[in-house]
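Remarks on the structure that follows.
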Amino acid sequence: MAKYWLMKSEPSVFSIDDLARDEKTHWDGVRNYQARNFMQSMKLKDKVLFYHSNADETGVAGIAEVCREAYPDFSAWDPNDSHFDPKTKKDAPTWMMVDIAFVEKFPRIVTLHEMKDAPQLEGMTVIQKGSRLSVQSVSEEHFKAVVKMAKG
DNA sequence: GCCAACGTTGGC
DNA sequence: GCCAACGTTGGC
């Protein structure tokens, strides 16, 4: 049974349009244990709400799916990478990533504001105050409700 | 640009 | 193990 997730990206860095162009990407650079743990429990074909943060319109921009399960995030070993972690060793990787593939771009952004106003999304992590986690788990009900909001 | 939230670090 | 200082995230 597929599970559902939400992953945040700043569209000025990597947007849903970038994912559509590239078709898939590796989700490197996550340096938070809780977010990493969520990625480690992702399975092939799990669905992901692609969320735009720090944008003109913050909110869910489309859907992606997991196309490769967790494996070591090699950017942690690259001194030239902005997410370099000098403490992690190659024989004991601390940080993991998954690959995700483009599924669809919503006809419109489902904004954070309207998600906060939607009673059917009550309890969803992303609408909690101070929710900074970049990878979150989403219930099937909430996932379907967001898709319905996007398509009307 | 401001600032609240919150994770991490390091002194003790 | 506590907690203050610090850095980052991300909404506004």
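Quick note on labels: first sequence line is chain A, next is B, and so on, each numbered from 1. Because the structure is a prediction, the values reported are computed rather than measured.
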Given that N54(A) and K129(A) both sit by DNA chain B, which one's nearest nucleotide is further toward the 5' end?
N54(A)
Taking 5' to 3' order, which nucleotide of DNA chain C is first and which is last to have an atom within less than 4.0 Å of a heavy atom in chain A?
dG7(C) to dC12(C)
Is the closest side-chain donor-acceptor distance between D99(A) and W27(A) under 3.5 Å?
no
Relative to each other, are the rings of F50(A) and F14(A) parallel, tilted or perpendicular (30° and 60° limits)?
tilted
Side chains of D17(A) and K105(A) in contact at under 4.5 Å (non-hydrogen atoms):
yes
Heavy-atom pair of closest approach, residues Q120(A) and A145(A):
CG-CB, 3.7 Å
Give me the atom names and distance for the closest heavy-atom approach of M96(A) to M39(A).
O-CE, 3.0 Å
What is the bend of the helix from dG1(B)-dC12(C) to dC12(B)-dG1(C) when you compare the axis at one end with the axis at the other, using five pairs each and rounding to 10°?
10°
Search all heavy atoms of D73(A) against all heavy atoms of G29(A) and return the closest pair with its distance.
OD2-N, 2.7 Å
Tell me whether the guanidinium CZ or amine NZ of R68(A) lies under 6.0 angstrom from the six-membered ring centre of Y71(A) and within 45° of its axis.
yes
Please check if any side-chain donor atom of E10(A) sits under 3.5 Å from a side-chain acceptor atom of S15(A), or the reverse.
no
